[in-house]
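Heads up, the thing below is written out as structure tokens.
Being a predicted model, the structure only gives us computed values, none of them experimental.
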Amino acid sequence: MSAAAAVAEKPSALKVERVGVIAILQDQPTLERIQAIVRELHLDDELSLEATLDAALRRMREGENPRVLIIDLSDSAAPIAELSAARTVGGDDIKIVALGVVNDVALFRDLLAAGATDYVVKPVSREALAAALEKRSATATAGGGLGQVIAFIGSRGGVGTTMTAVSCAWILSEKHNEPTALLDLDLHFGTVALKLDTDPGSGLSDALEQPSRIDSLFVERAMVKVSENLRILAAEAAMTQSLAVDPGAIDVLLYELRRKFAWVVVDLPRWVTPTQRVVLGAASRVVVLCERSLAGLRDTIRLQTLLREHAPQTSLLMVEAGASGERATVAKGEFEKAVGKSLDAALPYDAKSAGAATNAGQPLPLAAPRSAVARELEKLVAAVAAGPAEKTKKRKIFGLVKW
Ligand SMILES: Nc1ncnc2c1ncn2[C@@H]1O[C@H](COP(=O)(O)OP(=O)(O)OP(=O)(O)O)[C@@H](O)[C@H]1O
Ligand SMILES: [Mg+2]
């Protein structure tokens with residue numbers, strides 16, 4: 001066989017054999033029903049149970065290749081993010097059967113778009129489950145038509161996370177010409193709007209408290225236009241306003257944004273909240289801004305663990321934070337050894353360019369285009385876009401963003 005033929009044959013040779021059904025269920029009657037139906041159908045798939053989706057995804061990341069994943073989403077606060085995570089870890093050819101209690105066509109469509117192969121309403125009927133479990137190949141929805149979420153989070157405060165998120169969103173929208181949404185989830189102290197010299201607008205904090213208000217019309221109205229391709233969603237909640245953000249609201253909001261934009265860039269505060277988990281669960285990339293201090297090292301490692309355990313679908317990019325300045329006391333080699341990987345990019349300390357950008361209310365690559373930081377930010381965006389960008393290109397046929 002020629003070398004070219006051998007290479008051409010490789011993909012099918014690598015195709016994994018998928019066997020078994022993993023189910024994450026909420027109640028005993030559904031469990032008994034599914035066990036009975038699997039027995040009746042004489043499938044040679046073994047049915048095994050997991051208590052949580054995280055545990056099932058861990059098994060899959062460790063090498064298990066189930067043919068079917070059944071997830072009961074009845075009590076899920078973030079069904080869309082959970083499906084997206086399952087699809088990302090499981091790949092295109094796993095069947096993902098979502099279970100729920102709401103019989104609604106719009107919900108059905110949304111779940112399919114987020115990565116489900118099928119949606120079955122409880123109590124599960126034999127016919128519906130048999131059709132969902134049958135052995136023809138899964139439809140490779142793979143979150144078809146949805147944009148990518150990239151979360152930016154600092155290992156410490158004040159390390160330049162917002163500057164980096166704003167700059168990357170600007171490069172994606174203006175240099176790569178991709179429809180981009182920039183979401184500031186620091187509802188009280190966020191500075192995304194400030195850094196772009198815009199009003200944060202109203203609506204985000206209200207909507208997060210009342211998820212039922214979030215739909216595509218809301219998103220169109222609540223977002224503030226920075227340019228043809230860049231919109232922001234931010235808030236400047238009053239200091240007296242304590243916001244109880246429903247994680248389900250973030251899930252729906254991210255979904256609506258992903259329907260409209262190729263990229264959803266999230267500036268994520270470091271507080272550990274259920275909403276943070278939802279964002280990390282929905283993200284295909286997480287960029288951690290690392291401060292090379294002892295505290296920065298400790299918190300980078302803790303974020304690494306959090307992502308490995310709770311957002312296994314995401315790929316992590318570690319960036320040396322430019323604004324750390326004199327706090328960067330741990331040598332680069334030592335830092336990389338401790339985190340077990342080399343840093344993906346290093347933003348230099350450049351107070352002049354950062355100050356010029358802040359004063360002008362402009363993204364740094366616009367205010368200081370020839371600076372070394374701007375060049376490094378371009379490289380970071382290239383790394384972020386590598387991989388997911390291919391899917392994004394395809395998604396453009398779905399006509400994202402028309403205002
Ligand atoms: N590469 C850099 N070199 C020098 N100063 C920088 C650099 N990047 C950002 N800065 C400056 O550091 C300050 C903090 O930046 P930024 O608001 O982006 O940080 P942050 O990590 O988001 O902070 P917070 O934790 O408060 O959200 C700003 O004054 C900004 O202009
Ligand atoms: Mg910030």
Side-chain angles (χ1 to χ4, degrees), residues 14 16 18-25 48-73 75-98 111 114-117 138 140-143 146-153 155 247 250-251 254-255 258 264 266 268 270 272-288 290 299-319 339-342 344 383-384 386-388 390-391:
L14 286 176
V16 289
R18 293 195 168 274
V19 279
V21 178
I22 298 183
I24 301 107
L25 303 173
S48 69
L49 301 175
E50 268 309 335
T52 62
L53 178 62
D54 282 349
L57 296 188
R58 209 167 305 131
R59 272 170 61 180
M60 286 155 62
R61 273 167 39 97
E62 282 164 6
E64 214 168 305
N65 288 305
R67 190 177 68 81
V68 184
L69 187 67
I70 301 177
I71 319 171
D72 188 344
L73 296 169
D75 297 333
S76 170
I80 306 286
E82 290 201 350
L83 283 173
S84 298
R87 176 57 69 196
T88 310
V89 175
D92 286 358
D93 58 342
I94 188 173
K95 269 180 188 256
I96 300 178
V97 181
L111 295 177
T117 316
T141 44
L146 296 180
Q148 306 279 326
V149 175
I150 317 169
F152 287 76
I153 187 161
S155 67
I250 297 283
D251 192 43
L254 287 178
Y255 173 65
R258 291 174 69 196
V264 180
V266 186
L268 198 55
R270 281 182 316 127
V272 178
T273 59
T275 56
Q276 187 207 50
R277 289 274 302 273
V278 173
V279 175
L280 296 178
S284 57
R285 294 257 195 259
V286 174
V287 179
V288 174
C290 305
D299 292 343
T300 301
I301 292 172
R302 294 208 297 173
L303 283 168
Q304 250 181 326
T305 311
L306 175 79
L307 291 170
R308 201 168 37 240
E309 289 177 358
H310 298 293
Q313 85 294 342
T314 195
S315 80
L316 167 63
L317 285 152
M318 287 193 189
V319 176
V339 298
K341 80 188 270 286
S342 38
D344 297 282
V384 162
E390 292 311 308
K391 286 184 184 168

| field | Least distance between heavy atoms, Asp251 atom then Ala81 atom | value | OD1-N, 2.8 Å
| query | For Val279 and Ala151, which heavy atoms make the closest approach, and how far apart are they? | reply | CG1-CB, 4.1 Å
| field | Nearest-0.5 Å distance that lies between atom CG in Leu306 and atom CG in Leu280 | value | 6.0 Å
| Heavy-atom pair of closest approach, residues Gly90 and Met60 | CA-CE, 3.5 Å
| remark: Correct closest heavy-atom pair for Leu73 and Pro79 would be CD1-CB, 4.0 Å
| message | Side chains of Gln304 and Met318, heavy atoms from C-beta outward: is any pair under 4.5 Å? | response | yes
| message | Within this structure, what is the CG-CG distance for the pair Leu316 and Leu303, rounded to the nearest 0.5 Å? | response | 8.5 Å
| Residue pairs, two or more places apart or on separate chains, that pass salt bridge (Lys or Arg N to Asp or Glu O under 4.0 Å) and touch residues 299-316 | Arg156-Asp299, Asp299-Arg302
| With side chains defined as the heavy atoms from C-beta onward, is the minimum distance between Ile24 and Glu82 less than 4.5 Å? | no
| request: Nearest 0.5 Å please: distance from the CG atom of Leu57 over to the CZ atom of Arg59. | output: 11.0 Å
| query | Hey, does Val68 have a side-chain heavy atom less than 4.5 Å from the side chain of Thr117? | reply | no
| query | Under 3.5 Å, side chain of Thr305 to main-chain N/O of Ile301, donor-acceptor pair present? | reply | yes
| With side chains defined as the heavy atoms from C-beta onward, is the minimum distance between Arg58 and Pro312 less than 4.5 Å? | no
| query | Side chains of Leu268 and Val286: does their closest heavy-atom pair fall under 4.5 Å? | reply | no
| remark: Residues passing the side chain to side chain donor-acceptor pair (under 3.5 Å) test with Gln313, sequence neighbours excluded, are none
| Can you find a pair of side-chain heavy atoms, one from Ile94 and one from Arg87, that are under 4.5 Å apart? | yes
| request: Answer yes or no: is there a donor N or O on one side and an acceptor on the other, between the side chain of Arg258 and the main chain of Gly147, under 3.5 Å? | output: yes
| note | Closest heavy-atom pair, Gln148 versus Ser284, reported as atoms and distance to 0.1 Å, is OE1-OG, 2.6 Å
| message | Counting C-beta onward and ignoring hydrogens, is there a side-chain heavy-atom pair between Leu49 and Leu25 closer than 4.5 Å? | response | yes
| Sequence-distant partners of Thr314, side chain to side chain donor-acceptor pair (under 3.5 Å), two or more places apart | none
| query | Would you call Arg285 and Asp344 a salt bridge, taking side-chain N to carboxylate O under 4.0 Å as the test? | reply | no
| remark: Closest non-hydrogen atoms of Pro247 and Val278, given as atom of the first, atom of the second and distance, are CB-CG2, 3.7 Å
